[in-house]
Amino acid sequence: MKKKNKPIWESRIKGNTSNTFQKVSSSIDIDKRLFKEDIAASIAHVEMLNRQKIINFKIKNKIVWGLKKIQNQIIKKKYIFDFKDEDIHMSIEKKLFEIIGDDAGFIHTARSRNDQVLVDLKIWMTNSNDKLIKMLNQTIKSILLIAEKNIYTVMPGFTHLKNAQPISFAHYLLAYVEMFERDKKRFETNLNSLSENPLGSAALSGTSFNIDRNFTTKKLGFKKATGNSIDTVSDRDFVLEFLFTSSVCAMHISRLAEEFIIWNSDAFKLITLNDKVVTGSSIMPQKKNPDTLEYLRGKVGQSYGNLFSMMTILKGLPLSYFKDLQDDKKFVFETFDTIVNSLKVLNEVLKNFSVNKNEMLKLAKKGHIAATDLADYLVKNLNYPFRKSYQITAKIVNYCEKNKKNLSDLSLKELKKIEPSLKDDVIDVFDLNKSINSKRSYGGTSFENIKKMIKKYKNA
Ligand code: ARG
């Protein structure tokens, strides 16, 4: 084997590592994505080593020059990633030897791949978190636009998928704004653990070199250095936080997708997906299938899977670094890519569907949807306890069902047969718009509340 093909540990480990193992355990195809972060962190590291007089100025410059050359080669796709190099860190270090010679050997003073990989990943994840926050902002904006146009769109609110109470379609949409706002907050909170700099923890116990962790912390945009070197190289909580936050976000997307699938179905017809976001069938010429939504509904499975894989890997894992941890990056990258794609697809869907207002209203008129309003009316106007009002209303609904009528079809005479004290203004109760507008409790579906909420989120 030529010298340049030998691993860094060839002076210790004589035979070649099993080829089979090298192939399956190499992570370079995955972590090559961290090359920029790795190089930035290495530059900060050697600058610090030089300031602390651990390496001299000339060597520092040589290393920085070499690293920048490597970065260029990778960007220009003139760089070969060899699985035998195991990971991006070894690959770059080896290349540095090729470019600047033995002075490359100074780069790994006072650090280990154990802290190196973490600093790379944390920088990468900080940027990715920011990207997701921006995308969520975009999603929220798109939803608000639709909400604004549908403040007065009446639809049935469901519980158990049975018509429950009338709501404004905008109120329904604003529920998703709340969910995505929470997702955003979770991603923002996660930035805290990502803001602690692992560099300088070295393999697990810190280092005897007089390093300055505050320098690399500032230089790399972290807020502070991590507090315990053993915990630092063992900790993957920030990975779990990301995977959990992404899973919850993917779950929100999945719920919206499922609901839209139901509403777009021939049975409901509350919305219609435009041709841009449907696919055809290979055999049934008439079909327009909501595959985009099914993609969104299904993808949450991958996020959950990655979250559970990482939790399982960490369970019972002794401190500190173990190879088991290496898969963290695969999970993070995969989950990130999927959530980015999902948010993009979701935005497309949001721009490409129409609201079937008439169908919504038609459905809202079914299922005696104003029954709670009638019960509330009895409490307010006849001073009955709610339970008694509930029973009277149930009797009225039973009467409707028996006579194949809607609540709003009933005459005062019919109503009075069941509850003689009713007055003619009771008829107002069956007006769905009035019902909606009466829900003025904070967070309720009244048109006024909705307008205020839309304004609040638009100015947020
Ligand atoms: N590629 C490794 C990982 O991602 C880097 C750390 C390796 N450290 C080691 N002692 N083998 O986990």
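For ligands, and for the atoms within them, numbers begin at 1 and follow the listed sequence. Position 1 is the first residue of the sequence; numbering continues from there. These numbers were taken from a predicted model, which means no experiment stands behind them.
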| field | Under 3.5 Å donor-acceptor, Ser265 side chain and Ile262 backbone | value |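 Indeed, once roles are kept as given, a pair shorter than 3.5 Å links the two residues.
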
| query | Is a donor on one side and an acceptor on the other found under 3.5 Å between the side chain of Ser168 and the backbone of Ile151? | reply |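 Yes; at least one donor-acceptor contact below 3.5 Å.
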
Can you give me every donor-acceptor pair (side chain of residues 353-361, partner residue at least two apart or in another chain, under 3.5 Å) with its distance?
| residue | atom | partner | partner atom | Å |
| --- | --- | --- | --- | --- |
| Asn356 | OD1 | Thr272 | OG1 | 3.4 |
| Asn356 | ND2 | Lys269 | O | 2.7 |
| Asn356 | ND2 | Thr272 | OG1 | 3.0 |

| field | Leu67 to Ser42 - nearest heavy-atom pair and separation | value |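 So the minimum-distance heavy-atom pair works out to CD1-CB, 3.6 Å.
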
Dump all N/O pairs between ligand 1 and the protein below 3.5 Å as a table: atom names plus distance, one pair per row.
| residue | atom | partner | partner atom | Å |
| --- | --- | --- | --- | --- |
| ligand 1 | 1 (N) | Asp87 | OD2 | 2.8 |
| ligand 1 | 1 (N) | Gln326 | OE1 | 3.1 |
| ligand 1 | 4 (O) | Lys329 | NZ | 2.5 |
| ligand 1 | 8 (N) | Asn114 | OD1 | 2.8 |
| ligand 1 | 10 (N) | Asn114 | OD1 | 3.2 |
| ligand 1 | 11 (N) | Arg113 | NH2 | 3.3 |
| ligand 1 | 12 (O) | Tyr321 | OH | 2.4 |

| request: Answer with yes or no whether the side chains of Thr226 and Thr232 bring together a donor and an acceptor at under 3.5 Å. | output: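 Yes, because at least one side-chain N or O of Thr232 sits under 3.5 Å from a partner of the opposite role on Thr226.
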
| query | Would you call the rings of Phe242 and Phe336 parallel, tilted or perpendicular if under 30° counts as parallel and over 60° as perpendicular? | reply |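 Answer is tilted, since the angle falls between 30° and 60°.
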
